[in-house]
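Remember, it's a predicted structure, so these values are computed and weren't measured experimentally. So that the names make sense, note that chain A is the first sequence line, chain B the second, and so on, each numbered from 1.
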Number of protein chains: 2
Amino acid sequence: MMGAIIRMNASDDTGTPAQAPARARILDAAEVVFARHGYDAATTRRIAETAEVPVGLVNYHFGSKLGLYRAIFELRAPTVMDQRAAGLAMARSEPDPDRRIELVIKALILPMFGLRASPSGLRFGQIMSRELSDPSSDERGIFAEFFDPVARMMIGAIGECYPDWSVAEVHWAYQAMLGAMMIVMTDAGRIARLSGGVVAPEDHEIAARHIVAILAAGLRHRDRSLTKDTPAMGGKPNETGDI
Amino acid sequence: MMGAIIRMNASDDTGTPAQAPARARILDAAEVVFARHGYDAATTRRIAETAEVPVGLVNYHFGSKLGLYRAIFELRAPTVMDQRAAGLAMARSEPDPDRRIELVIKALILPMFGLRASPSGLRFGQIMSRELSDPSSDERGIFAEFFDPVARMMIGAIGECYPDWSVAEVHWAYQAMLGAMMIVMTDAGRIARLSGGVVAPEDHEIAARHIVAILAAGLRHRDRSLTKDTPAMGGKPNETGDI
DNA sequence: AAAAATCTTGAACGATTGTTCAACTGGAAT
DNA sequence: ATTCCAGTTGAACAATCGTTCAAGATTTTT
């Protein structure tokens, strides 16, 4: 069943954004399928069908399924990373710690939420979210390669805001930020279902406003009496010696 | 499809991990494999191999792969849900809102973090986390069945703490809590990698202390000037009319 | 003891997986 | 005009998927 592939010749140009070259169409289709099914459950055939190209082309252009997956991150990750780096640079010019931490939080969150404005950006967010919660992602090494560097920057920036915080306090703060952000990227319909349709996760501006407000207050006013027993970080990232 | 019948015989013994009956061994192995690979990528054969039983037994005892998956939730979910309900009941006896919200947060988080004390509980946490970030989980309907009820209780409890909050403010607060919790369940090694081994996610008591402190402060002190434009919730859950 | 119900086993089924491959296309370089 | 080669195509590969099944083993009921 479903063996024939309909070829779009030069005469037909409706639907897809222009008659894009095959490579780009595959990349686009891959985002859709990987976002929907995750890495393992996504199939090259479904990607090829979605892109309306023969199966063989996928491996010709990207070598392997993993190569295609990596290509998505190579395409999308730099934009987010650059925006975060720029946001952190801006935050550094704010002397007041309590004001600066809000800028740091925004530097993490706004680039990701802004992604959700475009359909393809939304899909990339879902892919990232899935990759983060996939234990076998270590084998692919994508997070370590694409996102660890900026994560260390973020962690360093938090530590600079509050130099008396312990390493653990800084890292758990980052985890809380990451988690709150990720669940927004993840959630497709649950918050709408639970709220009876009142809360719409699609409106990323409103979502960002809520999440940033909560996280900023959380970091500013956290009760440290039970957590400050570990040695202080001293505003220096990675003084533990690791890369 | 779905022809096998699940039989519960009188030989209902107390669980033994060593030479347990086949059904229990399959269930145990399924937790391991589903946690590691996710629903789609997990294979019945690998589960059977891990349980050291022939492949056919899996479908005999659980009917199908989905039946086996559901059986895991039927086994583990009630414990977590009961503990949360008990925690919420306890929280209701605290009159001070700022103190009560901390108990509400703990009612959500502590049962899950406590799960991590045992290996099988840790695996169940990973399975839950993956299910939450899987768009195709809607087709399985597991979250709607097992976790939506207690989610509505949680959301209601937040609304009762701060009756002047809007529906959106309450729901986004819940999302932030859920996200921060989920990333702890998810994270296998990244926080250890990023912190150079200083921060250990295995110590769920310390993790809970940090996350609860941040979330409690976040909800208590959030700046509402940009988010309180939507109508208030009035302390009643689901007044929107949905189930 | 015989009969019935339950559990276990491994082979087998058709469908689907990622990848390979020889044949083919069309346009640029020689 | 010929060579050349990146691009394209669909068939084919071995491996693996979830599930089924007839047969044997074990236990329970009669």
Side-chain angles (χ1 to χ4, degrees), chain A residues 1-12 16 18-30 32-34 36-72 134 136 139-140, chain B residues 1-13 16 19-30 32-34 36-72 134 136 139-140:
Chain A
M1 61 172 73
M2 197 74 183
I5 292 174
I6 303 167
R7 281 283 298 162
M8 280 200 181
N9 246 351
S11 55
D12 192 348
T16 58
Q19 185 67 333
R23 211 193 106 101
R25 284 228 311 282
I26 294 172
L27 212 47
D28 233 46
V32 175
V33 178
F34 279 130
R36 175 129 198 84
H37 299 95
Y39 177 79
D40 283 305
T43 71
T44 54
R45 274 179 174 75
R46 197 196 261 282
I47 291 170
E49 282 172 24
T50 307
E52 296 180 68
V53 299
V55 267
L57 255 195
V58 176
N59 282 63
Y60 172 76
H61 279 294
F62 298 95
S64 67
K65 184 181 175 180
L66 182 57
L68 173 56
Y69 194 63
R70 287 183 50 88
I72 293 176
D134 186 346
S136 21
E139 305 162 10
R140 296 189 282 273
Chain B
M1 60 161 80
M2 194 76 181
I5 297 171
I6 300 167
R7 284 282 299 166
M8 267 291 194
N9 229 357
S11 62
D12 191 22
D13 52 4
T16 93
Q19 194 66 320
R23 210 192 105 102
R25 283 228 311 281
I26 294 173
L27 212 46
D28 232 45
V32 175
V33 178
F34 279 131
R36 173 130 198 83
H37 298 95
Y39 178 78
D40 283 304
T43 71
T44 53
R45 274 179 174 78
R46 196 195 262 281
I47 292 170
E49 282 173 25
T50 306
E52 295 180 68
V53 299
V55 268
L57 255 194
V58 176
N59 281 48
Y60 173 77
H61 279 295
F62 298 95
S64 67
K65 183 180 175 182
L66 182 58
L68 172 56
Y69 193 64
R70 287 183 50 88
I72 294 176
D134 187 346
S136 24
E139 304 162 9
R140 297 189 281 273

> Going from OG1 on B/Thr50 to CZ on B/Arg36, what distance comes out if it is rounded to the nearest 0.5 angstrom?
Replying inline: 11.5 Å
> Under 3.5 Å, side chain of A/Arg140 to main-chain N/O of A/Leu66, donor-acceptor pair present?
Replying inline: no
>> If you define the side chain from C-beta out and look only at heavy atoms, does anything of A/Leu27 sit under 4.5 Å from A/Leu68?
In response: yes
>> Just to be sure I understand: a Watson-Crick pair is purine N1 to pyrimidine N3 plus N6-O4 or O6-N4, both under 3.5 Å. Using that and G-U wobbles, which stems of three or more pairs involve DNA chain C?
In response: C:2-28 with D:3-29
>> Just to be sure I understand the rule, does A/Ala42 reach a base, reach only the sugar-phosphate, or reach nothing, if contact means heavy atoms closer than 4.0 Å?
In response: sugar-phosphate
> Could you give the distance from CD1 (B/Ile26) to CD (B/Glu52), rounded to the nearest 0.5 Å?
Replying inline: 12.0 Å
> Is B/Lys65 positioned over the aromatic face of B/Tyr39, cation under 6.0 angstrom from the ring centre and no more than 45 degrees off axis?
Replying inline: yes
> What is the distance from atom CZ of B/Phe62 to atom CD1 of B/Ile47, rounded to the nearest 0.5 Å?
Replying inline: 9.5 Å
> So what does A/Thr43 touch, heavy atoms closer than 4.0 Å: a base, only the sugar-phosphate, or nothing?
Replying inline: sugar-phosphate
>> Side chain of B/Ala22 only, heavy atoms from C-beta on: which candidate in C/dT8, C/dT19, D/dT20 is closest?
In response: C/dT8
> Rounded to the Å, how far apart are A/Ile47 CD1 and C/dT19 C1'?
Replying inline: 14 Å
>> So, OP1 or OP2 of C/dT6: does either fall under 4.0 Å of a side-chain N or O from B/His61?
In response: no
>> On DNA chain C, does the nearest nucleotide to A/Asp40 precede the nearest nucleotide to B/Pro54 from the 5' side, or the other way round? Give the residue.
In response: B/Pro54
> More 5' along DNA chain D: A/Arg45 or B/Ala41, using each one's nearest nucleotide?
Replying inline: A/Arg45
>> From C-beta outward on B/Thr44, which listed nucleotide comes closest to its side chain: D/dT19, D/dT9, D/dG10?
In response: D/dT19
